[in-house]
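What follows is a set of notes on a single structure, which appears directly below.
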Number of protein chains: 2
Amino acid sequence: MNAPHAVIKQGRKWDQVLDGARTVFMRDGFEGASVDDIVREAGVSKATLYSYFPDKRLLFIEVAKMECQAQSDAAVAQLEGSDDVRDVLTTAAKRMTKFFMSDVGLQVHRIIVGESQRFPEIGREFFESGPARVHAILRKFLQKSVDAGELNIDDIDLAADQFPELCKAGLHLKMVLGLREPPSEAEIDRVIEGAVDMFLCKYGA
Amino acid sequence: MNAPHAVIKQGRKWDQVLDGARTVFMRDGFEGASVDDIVREAGVSKATLYSYFPDKRLLFIEVAKMECQAQSDAAVAQLEGSDDVRDVLTTAAKRMTKFFMSDVGLQVHRIIVGESQRFPEIGREFFESGPARVHAILRKFLQKSVDAGELNIDDIDLAADQFPELCKAGLHLKMVLGLREPPSEAEIDRVIEGAVDMFLCKYGA
DNA sequence: AAAAAACTGAACTGGTCAGTTTATATTTCT
DNA sequence: AGAAATATAAACTGACCAGTTCAGTTTTTT
C-alpha cells in the first residue's frame, strides 16, 4: 500500500504556504496583503505558491476556510457536564464571548464582513462553520431542556438567535471597530450574567 | 452683509463631488473605488476633485461622516408619543430594525467594519453618530421609566446595550454577509416582539 | 467689459502588484 | 546512481491607479 495518501498533489511546502498566507492575510486583510509578502513570510518562492494556487483569491478562500474551521472547533463543543440549565448556559456564554473578543475572532470577523461582497462564498463558509454551528448546538440543548420541562420556549430558533446576541451586548461592536480595550473578566461576567438572567427570566420554566 | 456664508471656500461643484463619491464608495468600497470612477460619476475633472480634497482618504472620510450623520438622523429620534412602555420600545425597535436592514445601513456597516483598521477615526465617527446616539436616547428613556416606577433596572447601561442587540437576532449578520433575502414584515415583527417580550420580562415592574 | 476665480481635459509620473517565465538547483523515488 | 518531481531566484509583463501639471475655457464678480 504505497498509494498516494491524497488525490490532490500538494507538494512539500503546502503547509508553509498556508501558514504564511494565514499570518499575512490575518494581519493585513485581503487587499493589504501582497503575494510577495506572503511568499517572504512563508519562505517559499512565488512560483511555488502559484503552482499550488491559481490566484490570490483562491489562496485567500482556502485560508479563510481553515480559519473558520479552527474557530468553530475551538468555540463550539457539546454542551454537557452539568444538569443545571443556568450552568450550561453560562459556560456556553463564556466560550462564545471568549472567542468573540479574541484577536483572531475579531480579525476574522472584520475581514469576512469587509470582503463578503467581493467573495460571497466566504461569507457563507464563515457563517456555516461559526454562527450556524453555535445555533445548531444551542438549539439542540434548548430542545432537550424544553422536553425535560426545564425551559419553556415557544420559538426555539428565535431563542437560539437571541442568546448569542445578548452575549455581545455593547462589547463586540466596540471591539470590532477598535474603540476600546479588551474587557476585563469582571465586565465579561457582568454581560454574561445579564444575558443568562434575561434569557432564563423569559424562558425559565 | 455680503460676507461669505462659509469660511471654507468650497467652490461650485463641491456637492457634485461629494454626491459622486458617495455613490461610488457606497457601491464599490474604498479600495474598489477609483478616483477616475468618482470624477466620471460626479461629472467633474480630476483637478477639481483634488482642489477640494488633498487625497482619496480624506474624501472617503468626509463621505463616511455624511453617511453616518444621515443615518442617525433617520434612525434615531426622541422616543415619545405614547405613555405605554411596551409601545415605545416597539416603536424604537421598529425604527432600529428598519435601518439595520436597509441597503444603506448594511453597506455602511460593511465598509466601516472592513476599513476600521485602516481608518480608526471612521470607526469612531460611525459609532458616535449611530450606535452611541441610540444608546444615549434609549438610556434616557429607560431612566425616565425607572424613575416613574414603570421599569425595574439595576444596570441601565447594560440594558440599553441589550435591547438593540436583541433586535438584530439572527437577521442582521445574515444580511450583512448577503446570505438571505430581506426579511418580511412578519419576520421582523416576530423578532421585535421577541425582543420586547424578553426585555420587559426581565425589566418590567 | 475686464479681471479674477473656478473648472476642464488630457497627458504624464512614479509606484505597486498579480501573475509568468526560465534556467538552475534540490529533493525524492526507484 | 540516475530519473523524475519539486522548488528557487530573479527578472519581466501588463495593468491599474493616485496624484500632478498645464494650457486653455467657462463662470462669477466687480
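Chain letters run A, B, ... following the sequence lines, proteins first and then strands; every chain starts at 1.
Bending across the helix from C/dA1-D/dT30 to C/dT30-D/dA1, expressed as the angle between its end axes from five pairs apiece, amounts to 20° (10° rounding).
Taken residue by residue, residues 53-60 of chain B places heavy atoms nearer than 4.0 Å to DNA chain D at B/Asp55, B/Lys56. The stretch residues 113-123 of chain B has no heavy atom under 4.0 Å from DNA chain C, so no residue of it qualifies as close. Of the residues in residues 15-38 of chain A, none lies under 4.0 Å from DNA chain D by heavy-atom distance.
Side chains of A/Glu150 and A/Tyr203: no donor on one and acceptor on the other come within 3.5 Å. No side-chain donor-acceptor contact under 3.5 Å links B/Tyr52 and B/Glu62. With 3.5 Å as the limit, one finds a donor-acceptor pair spanning the side chains of B/Thr48 and B/Ser45.
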*Please report the C-alpha distance between B/Phe53 and B/Val17 in whole Å, then the side-chain angles of each, then the deciding distance to 0.1 Å, and finally whether the side chain to side chain contact (heavy atoms under 4.5 Å, CB included) criterion is met.*
CA-CA 10 Å; B/Phe53 296 95; B/Val17 171; 4.1 Å; yes
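The salt bridge (charged side-chain N to carboxylate O under 4.0 Å, His left out) test applied to A/Glu193 returns no partner, not counting sequence neighbours. Every residue two or more places apart in sequence or in another chain was checked for a salt bridge (charged side-chain N to carboxylate O under 4.0 Å, His left out) with B/Arg27, and none qualifies. The side-chain hydrogen bond (donor to acceptor under 3.5 Å, both in side chains) test applied to B/Arg124 returns no partner, not counting sequence neighbours. A search for salt bridge (charged side-chain N to carboxylate O under 4.0 Å, His left out) contacts involving A/Arg180 returns A/Glu187, not counting sequence neighbours. When the salt bridge (charged side-chain N to carboxylate O under 4.0 Å, His left out) test is applied to A/Arg12, no partner is found at least two apart in sequence or on another chain.
Ionic pairing of A/Lys144 and A/Asp147 is not present here: no N-O contact between side-chain nitrogen and carboxylate oxygen is shorter than 4.0 angstrom. For the pair B/Arg86 and B/Asp197, the salt-bridge criterion is met [side-chain N within less than 4.0 Å of a carboxylate O].
Side-chain N/O atoms of A/Tyr50 include none lying less than 4.0 angstrom from OP1 or OP2 on C/dT21. For D/dA7, one of the phosphate oxygens OP1 or OP2 lies less than 4.0 angstrom from a side-chain nitrogen or oxygen of A/Tyr52. Taking side-chain N and O atoms only, A/Lys13 has a distance below 4.0 Å to OP1 or OP2 of D/dT8. Taking only side-chain nitrogens and oxygens, B/Ser45 comes nearer than 4.0 Å to OP1 or OP2 of C/dT8.
Screening residues 96-109 of chain A for side chain to side chain donor-acceptor pair (under 3.5 Å) gives A/Gln107-A/Arg110 as the qualifying pairs, with residues at least two apart or on separate chains.
In this structure the side chain of A/Cys167 reaches within 4.5 angstrom of the side chain of A/Phe163, judged on heavy atoms. Counting heavy atoms from C-beta outward, A/Ile38 and A/Lys46 have side chains that stay 4.5 Å or more apart. Annotation: side chain of B/Lys168 is not in contact with side chain of B/Lys174 (no heavy-atom distance under 4.5 Å). A/Pro131 is listed as a side-chain neighbour of B/Leu173, based on a closest heavy-atom distance under 4.5 Å.
Of all non-hydrogen atoms in A/Val44 and A/Leu49, the two that sit nearest each other are CG1-N, 4.2 Å.
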Would you tabulate the pairs of protein nitrogen or oxygen atoms and nucleotide nitrogen or oxygen atoms of nucleotides 23-25 of chain C closer than 3.5 angstrom?
none

Distances for protein N/O vs nucleotides 21-26 of chain D N/O pairs under 3.5 angstrom?
none

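Taking atom CG of A/Leu49 as the reference point, atom P of C/dT21 lies 16 Å away to the nearest angstrom.
Relative to the ring axis of B/Phe30, B/Lys56 places its NZ or CZ within 45° and under 6.0 Å from the centre.
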